[in-house]
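See below for the structure under consideration.
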2 protein chains.
Amino acid sequence: MHKGSSLNKEVALLKRYLTKNHLKLTQQREAILEAFLKVDHITAEELYREISKKKRPQMGLATIYRTLNLLCEIGIGQQRHFDDNRTIYDNVLHKKHHDHLICNKCEKIIEFESPAIERLQEEMAARHGFTLSNHRLELFGHCIDWKNCRDWQKSAGR
Amino acid sequence: MHKGSSLNKEVALLKRYLTKNHLKLTQQREAILEAFLKVDHITAEELYREISKKKRPQMGLATIYRTLNLLCEIGIGQQRHFDDNRTIYDNVLHKKHHDHLICNKCEKIIEFESPAIERLQEEMAARHGFTLSNHRLELFGHCIDWKNCRDWQKSAGR
DNA sequence: TTGATATTGATTCTGATTCTCAAAATACAC
DNA sequence: GTGTATTTTGAGAATCAGAATCAATATCAA
């Protein structure tokens, strides 16, 4: 079973990490990585449904969690807690690092990037003797369309 | 039992909000607010222990959660999820808004503020048609003392 | 191919937060 | 002040995401 042979650099990265740590490259891990690389961000539950319905019906949810955490350790993923309950895993390779602009009234989430902010972040970190590996920036507010926001009437009426 | 009469502006704010929404100012809410205003940030559990041991042994944990969420709605508090599991409630009035610099190796958390970054954030928000109410910036990395970090040996040895 | 070791999946467990509901407290009209 | 409608409380149950357990299975290196 020589699989697709399209072992790109992420799979290579995974392999290297696994080997270095005496871990094993399993079909599950490969399938999860493959699916994860296709998305921008996803929850464990979504990824579970995605994979178990399309590829491996017998895949266990625990394996999803374990592997997503693995990907976060490698640096391919990053955990992010939105509001309450939802934890999403960002694919940090999918595009350049980006930050989020989140509307409190509707569910709109805009991704943006600002090299200027990143530069200042590095500066602040250096000033405090830190070397940065990553960061998380979330701006909350309301968007210009707030009159059309889904939750506006509900929250205004409270 | 005319309590202290030191109803400062935060209690007044709480009162105004409660009245406006046909809610009631209870002794529990007042006690929780009072305790919350003394700290910089705290978890629900910590606040529960603090209050139930020192002031009101019969205080229910659910009331702590309910009231903390109330304070967040008013804008006195802000929820923040660290790593996994821990959710802390920031007292946003306690000091000027600050961001966090978090060491991945030890548990060190440094608070900092950067008006320059804030300014750029406003700029980005405006560019996308957003009006900001608050934000959250967390920088992850390792501190200069990483050789002394508590978890360093553990994680290096993995 | 073998054997030591790591991983999986099913399940259970955990711990944080929310929900439930009868009893108690509060606000407001009088 | 008093009465009463309404909200809140506390105790415990329910919920839920995520982690832990463990026997069965897959992987890797020799």
Side-chain angles (χ1 to χ4, degrees), chain A residues 1-3 7 11 14-33 35 42-49 51-53 55-74 77-89 158, chain B residues 1-3 7 11 14-33 42-49 51-53 55-74 77 79-89 158:
Chain A
M1 190 251 283
H2 57 104
K3 53 198 88 89
L7 297 178
V11 177
L14 176 60
K15 258 186 163 163
R16 209 179 320 133
Y17 179 88
L18 294 175
T19 303
K20 188 163 61 180
N21 291 278
H22 311 292
L23 305 175
K24 293 170 180 176
L25 180 63
T26 62
Q27 301 186 329
Q28 287 89 336
R29 283 175 175 167
E30 208 163 343
I32 292 170
L33 175 60
I42 196 166
T43 66
E45 199 65 47
E46 285 165 356
L47 189 55
Y48 174 60
R49 272 182 265 119
I51 290 184
S52 64
K53 278 178 186 158
K55 294 280 179 71
R56 316 183 124 261
Q58 79 294 3
M59 170 82 73
L61 181 53
T63 302
I64 302 281
Y65 278 106
R66 284 185 289 232
T67 306
L68 281 174
N69 289 337
L70 189 60
L71 297 183
C72 288
E73 284 182 38
I74 299 176
Q78 185 179 349
Q79 231 177 286
R80 193 179 291 268
H81 298 269
F82 271 112
D83 309 86
D84 276 324
N85 47 31
R86 283 191 307 158
T87 294
I88 69 168
Y89 290 82
R158 247 189 303 182
Chain B
M1 192 249 283
H2 59 106
K3 54 199 88 84
L7 297 179
V11 177
L14 176 60
K15 258 185 162 164
R16 211 179 317 134
Y17 179 89
L18 294 175
T19 304
K20 188 163 63 182
N21 291 278
H22 310 294
L23 303 176
K24 293 171 181 176
L25 179 63
T26 61
Q27 299 186 329
Q28 287 87 338
R29 284 176 173 165
E30 208 163 340
I32 291 170
L33 174 60
I42 196 166
T43 66
E45 199 66 45
E46 286 164 356
L47 190 55
Y48 174 61
R49 271 182 267 119
I51 290 184
S52 64
K53 279 181 187 157
K55 293 281 180 73
R56 317 183 122 260
Q58 79 293 3
M59 170 82 72
L61 182 53
T63 301
I64 301 281
Y65 277 105
R66 283 186 290 235
T67 305
L68 281 174
N69 289 337
L70 188 62
L71 297 182
C72 288
E73 284 182 38
I74 300 176
Q79 235 177 285
R80 192 180 292 268
H81 300 269
F82 272 111
D83 307 85
D84 275 324
N85 49 30
R86 281 191 309 156
T87 295
I88 68 168
Y89 291 82
R158 249 189 300 184

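Throughout, a chain's letter reflects where its sequence line sits, starting with A, and its residues are numbered from 1.
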All side chain to side chain contact (heavy atoms under 4.5 Å, CB included) counterparts of [X], not counting sequence neighbours:
{"X": "B:Arg29", "result": "B:Leu18, B:Leu23, B:Thr26, B:Thr67, B:Leu70"}
{"X": "B:Thr43", "result": "B:Glu45, B:Glu46, B:Ile88"}
{"X": "B:Ala62", "result": "B:Arg66"}

Can you give me the N/O atom pairs linking the protein to nucleotides 10-15 of chain C at distances under 3.5 Å, or say none if there are none?
none

Reported [atom1]-to-[atom2] distance for the pair [X] and [Y], which is rounded to 0.5 angstrom:
{"X": "B:Leu68", "Y": "B:Thr87", "atom1": "CG", "atom2": "OG1", "answer": "11.0 Å"}
{"X": "B:Gln58", "Y": "B:Ile51", "atom1": "CD", "atom2": "CD1", "answer": "10.5 Å"}
{"X": "B:Leu14", "Y": "B:Leu25", "atom1": "CG", "atom2": "CG", "answer": "6.0 Å"}
{"X": "A:Lys15", "Y": "A:Leu33", "atom1": "NZ", "atom2": "CG", "answer": "11.5 Å"}
{"X": "A:Asn69", "Y": "A:Ile64", "atom1": "CG", "atom2": "CD1", "answer": "11.5 Å"}

Whole angstrom is fine here: how far is it from [atom1] in [X] over to [atom2] in [N]?
{"X": "A:Leu18", "N": "C:dA6", "atom1": "CG", "atom2": "P", "answer": "13 Å"}
{"X": "A:Leu68", "N": "D:dA17", "atom1": "CG", "atom2": "C1'", "answer": "13 Å"}
{"X": "A:Ile51", "N": "C:dG9", "atom1": "CD1", "atom2": "C1'", "answer": "14 Å"}
{"X": "B:His22", "N": "C:dC28", "atom1": "NE2", "atom2": "P", "answer": "9 Å"}
{"X": "B:Ile64", "N": "C:dA16", "atom1": "CD1", "atom2": "P", "answer": "15 Å"}
{"X": "B:Leu14", "N": "C:dA27", "atom1": "CG", "atom2": "P", "answer": "11 Å"}
{"X": "A:Tyr89", "N": "D:dA17", "atom1": "OH", "atom2": "P", "answer": "12 Å"}
{"X": "A:Leu70", "N": "C:dA6", "atom1": "CG", "atom2": "P", "answer": "14 Å"}

If every non-hydrogen atom of [X] is compared with every non-hydrogen atom of [Y], which pair is closest and at what distance?
{"X": "A:Leu47", "Y": "A:Ala35", "result": "CD1-CB, 3.7 Å"}
{"X": "B:Gln79", "Y": "B:Tyr89", "result": "CG-CE2, 3.6 Å"}
{"X": "B:Gly60", "Y": "B:Tyr48", "result": "C-CE1, 3.9 Å"}

Which letter, B, S or -, goes with each nucleotide of nucleotides 25-30 of chain D from 5' to 3', with contact meaning a protein heavy atom under 4.0 Å? -BBS--
Would you say [X] places a side-chain N or O within less than 4.0 Å of OP1 or OP2 belonging to [N]?
{"X": "A:Tyr65", "N": "D:dG18", "answer": "yes"}
{"X": "A:Thr63", "N": "C:dT7", "answer": "no"}
{"X": "A:Asn69", "N": "D:dA19", "answer": "yes"}

Applying the side chain to side chain contact (heavy atoms under 4.5 Å, CB included) criterion to A:Ile32, which one of A:Gln27, A:Lys55, A:Met59, A:Arg56 satisfies it? A:Met59
On DNA chain D, check which nucleotide each of B:Arg29 and B:Leu61 is closest to and give me the residue with the more 5' one.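 Looking at DNA chain D, the more 5' nearest nucleotide goes with B:Arg29.
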To the nearest 10 degrees, what angle separates the axes at the start and end of the helix from C:dT1-D:dA30 to C:dC30-D:dG1, five pairs each? 50°
